[in-house]
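Working notes for the structure below.
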There are 2 protein chains.
Amino acid sequence: MDLNVPDTRQQILERRLADGVHIVAAEIAVEFDVSIDTARRDLISLERSGKAHRVRGGAIPVMPPAAPMQEKIAHGKRPPAAMIAAAVDSLADCKTVILDGGSTVWALAKALKPRAGLLIVTPSPWVAIACMENGIEVVLLGGRLSGHGGVSVGLDCEEQLGQLAAETAVLGACAMDADFGLSSDNMDESRVKKMMANAAVKTVALADRTKLGSRARHRTLLPTALDGLITDGTPSECAAFQAKGIMVKNV
Amino acid sequence: MDLNVPDTRQQILERRLADGVHIVAAEIAVEFDVSIDTARRDLISLERSGKAHRVRGGAIPVMPPAAPMQEKIAHGKRPPAAMIAAAVDSLADCKTVILDGGSTVWALAKALKPRAGLLIVTPSPWVAIACMENGIEVVLLGGRLSGHGGVSVGLDCEEQLGQLAAETAVLGACAMDADFGLSSDNMDESRVKKMMANAAVKTVALADRTKLGSRARHRTLLPTALDGLITDGTPSECAAFQAKGIMVKNV
DNA sequence: CATTTTTTTGCAAGAAAGTGCAGGAATTAA
DNA sequence: TTAATTCCTGCACTTTCTTGCAAAAAAATG
């Protein structure tokens, strides 16, 4: 049984506030099985440490600082939650996972839960930060930051990838076609993606429907080099990939 | 059953904490057949080594990695603008600059303006992102991400630093003392700081007044290894550093 | 093997923290 | 305004923590 002490309760409440949830004192009193006074005291404590803004009846989040980078990434499009959930599930048994950069994979990183022995390897500072905030161990690949996608690229990065072995690599895609395979807009990033796929036993692409059926400038991986595809496309689109021997998880 | 000694018990508890389990002092006292005092002492020991966070009744994982970095950034503890401006000025003529991690240096990175030929090298994903958003070229050093300050550490990282030459390294400090020098809370980070200083012709410390006159666990750089200090301390504090031959820029 | 030193352990008294309750002030809604 | 909540303050009670101390166990030493 979990401890029911001010520290733990407030930790839980803090998380909720960070997600933008409003807190009602009377409700958490029932939930944590404490008197409403104690619930109130928790909120007072959170307010003192600047994590909540108390209002009559409960508390609301203090205006989020809205990390600038998250804004930039999350501003355009948020990938479907079901697809992200499917991706998280597919990593359930993995210990060492290589995560690519890009907004879709970043959403996956944010959704990961800490687990003993789980290690994430990534060339993307955004993904690295997201994992760290979730309490997951991270190895960050170094290199020149590519202006296009904001991931490490270059010889150093490729060399580091050559020296490690992972169970699964999850790649984002600029474009994804059943015949052409996975392709990218930027040559350096394309090379790094290739190395990531090489370093892993299993390579999975994570691509929402907007990427399906299109081709980008640099061909990164042949369809045969892909083991899985997680997407939210139409059944007919998925069938084309399945015909190439790719395990498709469609949501 | 293994030997019932502190080491064994604490190892078991450590594993549980890593799995996110809450530990109740009274329960482990029964389980290990020791008094509650001994159980408490085990938890104290775990807390000392940073593996547990003690709360009333027991301990919880120190998990909320709540990257001190992220917390500081989100919490709006902004370093004084004048100090940051002074730091920006001091880099006016540099082409290749090594920037450390930490909230203070991060503030500096956010204030940097793009300039032809300027290249930033950093082990911190936060600093890397800040520079990229400012349109500055970045080389990100790779490595395991240290839980404490969220910077790359480890052999890989040190090796990369050994292979490059920069004009100036700007180091953040956990603590800064005129006699003891620059010191850090974390050994890995301390080693990386040392390597950063070695890789640069000039080493400058950026430390607000709260860091002055204090010492952290790991001695990183002797005062003689420092070329400059940018701070917002009192004149008397600064004089102590100047007496050691350090060029102090006080605001 | 005997003895010294260090570590570990349990105990007890006082300090501190957490909790619930009651009475009165403040705020909101009708 | 009145009535109903909700908040704040102080207080008593319980539980847990800290601290100092001495005995037991383990390790090191000669």
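In what follows, chains carry the letters A, B, and so on, assigned in the order in which the sequence lines appear, proteins first and then strands, with residues in each chain numbered from 1. As a basis for the values below, the full set of heavy atoms in this structure was taken, side chains included, without hydrogen atoms, waters or symmetry mates.
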Under the side chain to side chain donor-acceptor pair (under 3.5 Å) rule, collect the residues that match up with [X], sequence neighbours excluded.
| X | value |
| --- | --- |
| B:Asp100 | B:Lys193 |
| B:Ser184 | B:Thr220 |
| B:Ser236 | B:Thr234 |
| A:Glu47 | A:Arg54 |

Write down the atom of B:Met132, the atom of B:Val138, and the distance for their closest heavy-atom approach.
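In terms of heavy atoms, the two residues are closest at N-CG2, 4.0 Å.
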
Give A:Val24 one of three labels, base, sugar-phosphate or nothing, depending on what nucleic acid heavy atoms sit under 4.0 Å from its own.
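Since no nucleic acid heavy atom lies under 4.0 Å of A:Val24, the category is nothing.
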
Whole angstrom is fine here: how far is it from [atom1] in [X] over to [atom2] in [N]?
| X | N | atom1 | atom2 | result |
| --- | --- | --- | --- | --- |
| B:Leu43 | D:dT18 | CG | C1' | 14 Å |
| A:Glu47 | D:dC8 | CD | C1' | 13 Å |
| B:Ile23 | D:dT16 | CD1 | P | 16 Å |

When every nucleotide of nucleotides 17-22 of chain C is labelled 5' to 3' by its protein contacts under 4.0 Å (heavy atoms), B for base, S for sugar-phosphate only, - for none, what sequence of letters results?
BSBBBB

Using a 6.0 Å cut-off, check whether atom CG of B:Asp179 has over 12 heavy atoms from anything other than its own residue.
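Yes, because the 6.0 Å sphere around CG of B:Asp179 holds more than 12 heavy atoms from other groups.
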
Quick test of your reading of the model: are B:Arg209 and B:Glu237 salt-bridged, counting only N-O distances below 4.0 Å?
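A salt bridge is absent here (no side-chain N lies under 4.0 Å from a carboxylate O).
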
Less than 4.0 Å between a side-chain N and a carboxylate O, is that true for B:Arg16 and B:Glu27?
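Result for this pair is no, no salt bridge flagged.
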
Which angle, to the nearest 10 degrees, lies between the helix axes at the two ends of the helix from C:dC1-D:dG30 to C:dA30-D:dT1, each defined by five pairs?
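For the helix from C:dC1-D:dG30 to C:dA30-D:dT1, the axes at opposite ends meet at about 40°.
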
